[in-house]
> 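Just dropping this structure here.
Read the numbers this way: they start at 1 and go in the same order the structure lists the ligands and their atoms.
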Amino acid sequence: MLRTVRATRYVTPLREGGSLPAIIEADDLGMYVLKFRGAGQGPLALLAELVAGEMGRALGLRVPELVFVEVEAALGRNEPDAEIRDLLKRSVGLNLALDYLPGSTMFDPAAGDTADAKLASLAVWFDAFVANVDRTPRNPNLLKWHGDLYFIDHGAALYFHHNWQSIDTAAHSQFSAIRNHVMLPWASALDAADAEAHQQLNTAVFAQILDAVPDAWVTPEGGVADATERRAAYVRYFDERLAASSSFVEEAKRVRAELV
Ligand SMILES: Nc1ncnc2c1ncn2[C@@H]1O[C@H](COP(=O)(O)OP(=O)(O)OP(=O)(O)O)[C@@H](O)[C@H]1O
Ligand SMILES: [Mg+2]
């Protein structure tokens, strides 16, 4: 499902990103924003970036193309910055990247940016579904590019996977953090978004997305459950969360009513 490219040039770090992502060039001459496997948040952040990103795409949201990126030891050898050199060394092998959108700017309501009800509602639904807390006015992770909005930075979504004991609670969570969602003010069509999401998502879609994740990212702790079993556990989580969507939809409607 995802293409694999090879990194050929480290162009520049994106210092505003907490995980020190970088713009790189690849052997297809494309430019990408690389999320390193060796960054502090580890392989589960890459899994979240991939799974949530593809989930957004399946819902009809714009997400820059995601690709696997092969990083070789040679890439970091001449890097003068020790922090970057170490990060590259820890990330030799498979990583994840997003197509780089040159000249894009961040969505900013304070500067007058607005969103239409359909898109905003689907975005709110999506972020509640994957439990993504990184879509706030301070950190919207929403890029304006050629007149469209692109959703990025899903590495912190699916936080339940850091603690599988919490999975049942997470699947049925109202996701109260939705009150801080940057698009909530425009999300006046949440019931329609819920209906649309139920049209687009199902077990087969979830399974196909999980199948794309490399084994080593699915069970980075090595072993506990094997990768196949763990993938099935993610799929069950999404099935349950979809079936329980009315709980987070009602919560989003409730907090929005207090807002507008
Ligand atoms: N595909 C892209 N095209 C252009 N710019 C991008 C792209 N992806 C990320 N950026 C820029 O790089 C910044 C950091 O990326 P991102 O938010 O994904 O990294 P992060 O380390 O997860 O950041 P955070 O500190 O928000 O957790 C973004 O805020 C954005 O300005
Ligand atoms: Mg970010």
> Tell me, which N, O or S atom in Asp153 is closest to the Mg ion (ligand 2)?
OD2
> Under a 4.0 Å threshold between the charged nitrogen and the carboxylate oxygen, would Arg6 count as salt-bridged to Asp28?
no
> Assess, by modelled atom type and distance only, whether the side chains of His154 and Arg135 contain a donor and an acceptor separated by less than 3.5 Å.
yes
> Would Asn139 count as a contact for the Mg ion (ligand 2), in the sense that one of its N, O or S atoms lies under 2.8 Å from it?
no
> Do Asp27 and Thr8 have side-chain atoms, one donor and one acceptor, less than 3.5 Å apart?
no
> Test salt bridge (Lys or Arg N to Asp or Glu O under 4.0 Å) on Arg15 and Asp81 and set out the steps.
CA-CA 13 Å; Arg15 292 271 173 199; Asp81 184 312; 2.9 Å; yes
> Does a side-chain N-to-carboxylate-O contact under 4.0 Å join Arg254 and Glu258?
yes
> Is the centre of the Trp164 ring less than 6.0 Å from the centre of the Tyr234 ring?
yes
> Using a strict 4.0 Å threshold on nitrogen-to-oxygen distance, state whether Asp108 and Lys144 make a salt bridge.
no
> Hey, what polar pairs (N/O, under 3.5 Å) does ligand 1 make with protein?
{"unit_1": "ligand 1", "atom_1": "1 (N)", "unit_2": "Asp99", "atom_2": "O", "d": "2.8"}
{"unit_1": "ligand 1", "atom_1": "3 (N)", "unit_2": "Leu101", "atom_2": "N", "d": "2.9"}
{"unit_1": "ligand 1", "atom_1": "17 (O)", "unit_2": "Asn141", "atom_2": "OD1", "d": "3.1"}
{"unit_1": "ligand 1", "atom_1": "17 (O)", "unit_2": "Asp153", "atom_2": "OD2", "d": "2.8"}
{"unit_1": "ligand 1", "atom_1": "18 (O)", "unit_2": "Lys35", "atom_2": "NZ", "d": "2.9"}
{"unit_1": "ligand 1", "atom_1": "21 (O)", "unit_2": "Gly18", "atom_2": "N", "d": "3.1"}
{"unit_1": "ligand 1", "atom_1": "21 (O)", "unit_2": "Ser19", "atom_2": "N", "d": "2.9"}
{"unit_1": "ligand 1", "atom_1": "21 (O)", "unit_2": "Ser19", "atom_2": "OG", "d": "2.7"}
{"unit_1": "ligand 1", "atom_1": "22 (O)", "unit_2": "Lys35", "atom_2": "NZ", "d": "3.3"}
{"unit_1": "ligand 1", "atom_1": "22 (O)", "unit_2": "Asp153", "atom_2": "OD1", "d": "2.7"}
{"unit_1": "ligand 1", "atom_1": "22 (O)", "unit_2": "Asp153", "atom_2": "OD2", "d": "3.2"}
{"unit_1": "ligand 1", "atom_1": "23 (O)", "unit_2": "Asp153", "atom_2": "OD2", "d": "3.4"}
{"unit_1": "ligand 1", "atom_1": "25 (O)", "unit_2": "Gly18", "atom_2": "N", "d": "2.7"}
{"unit_1": "ligand 1", "atom_1": "26 (O)", "unit_2": "Asp153", "atom_2": "OD2", "d": "2.9"}
{"unit_1": "ligand 1", "atom_1": "27 (O)", "unit_2": "Asp153", "atom_2": "OD2", "d": "3.4"}
{"unit_1": "ligand 1", "atom_1": "31 (O)", "unit_2": "Glu16", "atom_2": "OE2", "d": "3.1"}

